[in-house]
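Note on naming: letters A, B, ... go to the chains in the order of the sequence lines (proteins, then strands), and numbering restarts at 1 for each one. Keep in mind it's a predicted model, so treat the numbers as computed, not measured.
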2 protein chains.
Amino acid sequence: MRRAAGGTATHGEPVTESAEAQSVGRMSQNATPTLEEVARAAGVSRATASRAINGLPYVSERAREQVARAVEVLGYRTNQVARSLATKRTGSIALVMSEPGNFVLSDPFFARVLRGIYSGLSGSQMQLVLLMNNEQDEEDGFARYLCGGHVDGALVVSLHGEDPLPGLLVDAGLPVVLGGRPLARVDAPYVDVDNFNGASSAARHLIDIGRRRVATIAGPEDMSVGMDRLSGWRRGMAGTGIATDAVEHGDFTMEGGAAAMRRLLRNHPDLDAVFAASDLMAVGAMQVLHAAGRRIPEEVAVVGFDNLDIAPTMSPPLTTVRQPIEEFGRTMTWRLLAQLEGETGLPPSIMLPTELVRRAST
Amino acid sequence: MRRAAGGTATHGEPVTESAEAQSVGRMSQNATPTLEEVARAAGVSRATASRAINGLPYVSERAREQVARAVEVLGYRTNQVARSLATKRTGSIALVMSEPGNFVLSDPFFARVLRGIYSGLSGSQMQLVLLMNNEQDEEDGFARYLCGGHVDGALVVSLHGEDPLPGLLVDAGLPVVLGGRPLARVDAPYVDVDNFNGASSAARHLIDIGRRRVATIAGPEDMSVGMDRLSGWRRGMAGTGIATDAVEHGDFTMEGGAAAMRRLLRNHPDLDAVFAASDLMAVGAMQVLHAAGRRIPEEVAVVGFDNLDIAPTMSPPLTTVRQPIEEFGRTMTWRLLAQLEGETGLPPSIMLPTELVRRAST
DNA sequence: CCGGGCCCTGGAAGCGCTTTCAGCGTACCC
DNA sequence: GGGTACGCTGAAAGCGCTTCCAGGGCCCGG
């Protein structure tokens, strides 16, 4: 459409091949010039022009200069689509968020993952393309886009349940790295943080400081990160003889955490500690606890998960499980790029460590 | 390898083919089949297969069925890159944020813009691709990506100063719609909200309720949205004889708003009202005012801009200038899609109305 | 003087798709 | 019966690029 002028011009002439030198070809200076035109202007063949532009060897200094000048004069920019078709590489990878965009956008966790990804990308000539699930949209367009050759590979984060997407991508032969262990059986490498041990140490810590009625605000039941932190918490509680029935699920948001906390207070008014599976949920929980007049940490100790920037600024500062968020993004990126480079012997999965950070909320 | 595949496909050497599939095709079953192979399997020509797949007319029911079956059996998916090269359309548009990703990601304003964009996109078969500025990265890769034919058009939001990007895109013939009036002279359509009148009405409102020392926390000086709200505020103050020297700039974030508020209190301790050019900055300002012991609205009236979801939940609930955020995104999208469809007579710019929403903070 | 490198070059063959165009059979209407 | 219209089809010509390959200079050692 935007090159309609060039197209019709070419078609209008009942041209044979020999009509090439027509100034008609130049007339379309509005449309992006092609390599062909650059080559002609530089007085070389398309092959040489291509080599010159791509900095390949076996191009004389003179040819190189002439091509450079022609590129400058004509304002040439290589058509990436054509290049992709010829090379079968696009120079870009996708970050797929299986989560409604507006949800992701307000989560500081993802902002930091993204920063890590960009940092892992720097130096490579790769462009990052973000794809988010439109709320009501079937994610079919996604798979079509990704498998259609638009990108060289994909990072998929925030998987829910048995999301078929990774399977589709893998089947299509697209290199994929998952952020977080998938719940479904998928033959794709993933990077994860040690949610289990992190949650376990959080629970132990609460026991160690003498709490005897420990609740948890768990993550979604359809995400491994939610389930792993829940089982980690159970593991931490195991053998203490303390009940582990005070469990409510949230969706990792503040509101979700607040709602879960309200349910916990109603069902288990005697609780003296709560482990929230994300800092954001801990924020919501603490607001509810404050509103309910429970003092933190005297009456209720609170532990979060993530160690977001807000954790130390809360009142009281939040004890939480630190996870290396930027590192998480960076590692996924590294893993994908390495795979794209054809490196072999890459680990099928990578686990990043977590660590309890004690502050005043416990 | 290419040659081998072609050979076996042509004359169906079952032995060789299956052996090859067993040994090599393990990781990505077979290379994705091409339209050629589908056509052969369906017993039709490539042209007919293409028509069948794209739902074009002039295909017999029988052919259609056979192609569908072949697609199913072979697991064919059309190569979008090849299709793009042939059609010069990609079926996707970009949303470009001239802002470090982690910044954008934590701003609820963008989340809502995004929602609006998706809503404007629904029904069209377009994919949205997000591009954000990596912090330290030169945005050259951006322009290359966008002009390289990866997308059919671009929405560009959050422009700063004389950002050359829109100009580059327009020069390359890429349809572009800007979100917010550009400061530089760019020949691209834009959608904007009526920042000027919104800010003006905010100032007037503060005058109307009897304030006589009205300050403002303005937005960045290199963004039109910042400047327009500042001049709107000045306009609202004009003719009242009240000084308009109490101006500090922030970056639309809470922290920026808080810092600006501190500066205002230091330089103009007698202020009795403040107009913050964004709700987020108003939040920061109110925190500082609370901390400084100034009562809102008795001692200092506060007006924001945006009418984010948090505005009514603040204490006191924030008087603010409502802008139709989702509508903003939706309109940009509509404008771009219309342009892509070749509609003519489209307005070069569209202005959306704003409106003061009075709450308890004034 | 000749054979064998080494540079550099252009012709040409794709990459996988769409779309034009000419052609064919069938049906329909004078 | 011939003309026209219509539905369907496949050959072929691209889209703009990369890359293989053969070949032509040139310099070298023999």
Practice item. Verify the contact: side-chain N or O of S45(B) to OP1 or OP2 of dA11(D), cut-off strictly under 4.0 Å; return yes or no. Key: no
**Study point:** Within residues 55-68 of chain A: residues closer than 4.0 Å to DNA chain C (heavy atoms)
**Key:** Y58(A), V59(A), S60(A), A63(A)
Practice item. Nearest whole angstrom, please: distance from the C1' of dG16(D) to the CZ of R77(A). Key: 16 Å
Practice item. Would you please confirm or rule out a distance under 4.0 Å between OP1 or OP2 of dT18(C) and any side-chain N or O of N54(B)? Key: yes
Review point. To the nearest 0.5 Å, what is the distance between CE (M126(B)) and OH (Y118(B))?
Key: 14.0 Å
Review point. CG of L85(A) versus C1' of dT18(C): gap in Å, rounded?
Key: 12 Å
Review point. When rounded to the nearest 0.5 angstrom, what distance separates CZ in F142(B) from CG in L165(B)?
Key: 7.0 Å
Check your understanding: Listed by chain and number, what are the ring-ring contact (aromatic ring centres under 6.0 Å, His included) partners of Y190(A), not counting sequence neighbours?
Key -> none
Point to revise | T34(A) side chain near dG16(D) phosphate (N/O to OP1/OP2, under 4.0 Å) | key: no
**Study point:** Whole angstrom value for the distance that separates P of dC17(C) from CZ of R46(B)
**Key:** 9 Å
Review point. Does E72(B) CD have over 12 foreign heavy atoms under 6.0 Å away?
Key: no
Point to revise | Short side-chain N/O contact from K88(B) to OP1 or OP2 of dG16(D), under 4.0 Å | key: yes
Exercise for review: Using only heavy-atom distances, decide whether a donor-acceptor pair under 3.5 angstrom links the side-chain of R51(B) to the base of dT19(C).
Suggested key: no
Point to revise | Verdict with reasoning, I93(B) to V129(B), per side chain to side chain contact (heavy atoms under 4.5 Å, CB included) | key: CA-CA 6 Å; I93(B) 65 176; V129(B) 156; over 6 Å; no
Point to revise | Minimum side-chain heavy-atom gap V177(B)-V191(B) below 4.5 Å | key: yes
Exercise for review: Please state how far atom CG in L35(A) lies from atom P in dT18(D), giving the value in whole angstrom units.
Suggested key: 6 Å
Check your understanding: With R330(A), which residues qualify under salt bridge (charged side-chain N to carboxylate O under 4.0 Å, His left out), at least two apart?
Key -> E327(A)
Check your understanding: What's the CD1-C1' distance between I53(A) and dT19(D), to the nearest Å?
Key -> 15 Å
Point to revise | Nearest-Å distance for atom pair CD/C1', residues Q80(B) and dC15(C) | key: 15 Å
Check your understanding: Which part of the nucleic acid, if any, lies within contact of V44(A), taking any heavy atom under 4.0 Å across all strands shown: a base, the sugar-phosphate backbone alone, or nothing?
Key -> sugar-phosphate
Review point. Which pairs with one or both residues in residues 81-97 of chain A pass side chain to side chain donor-acceptor pair (under 3.5 Å), sequence neighbours excluded?
Key: N54(A)-R83(A), T78(A)-R83(A), T90(A)-S92(A), T90(A)-D152(A)
**Study point:** Rounded (10°) bend between the five-pair end axes of the helix from dC1(C)-dG30(D) to dC30(C)-dG1(D)
**Key:** 50°
Check your understanding: At under 4.0 Å between heavy atoms, what does S84(A) touch on the DNA or RNA strands: base, sugar-phosphate, or nothing?
Key -> nothing
**Study point:** Between P of dT18(D) and CZ of R89(A), the distance in whole Å
**Key:** 12 Å
Check your understanding: Under the 3.5 angstrom rule, does the side chain of R335(B) hit a backbone N or O of P347(B) as a donor-acceptor pair?
Key -> yes
Check your understanding: Are OP1 or OP2 of dG10(D) and a side-chain N or O of T48(B) less than 4.0 angstrom apart?
Key -> yes
Study note, to complete from the structure: Residue pairs passing the salt bridge (Lys or Arg N to Asp or Glu O under 4.0 Å) test with at least one member in residues 43-69 of chain A, sequence neighbours excluded, are E36(A)-R46(A)
Practice item. Between dT18(C), dT19(D), dA13(C), spot the one nearest the side chain of T87(A), thanks. Key: dT19(D)
Exercise for review: State which of dT18(D), dG16(D), dC15(D) makes the closest approach to the side chain of A86(B).
Suggested key: dC15(D)
Check your understanding: Rounded to whole angstrom units, what separation is found between the CZ atom of R83(A) and the P atom of dC17(D)?
Key -> 9 Å
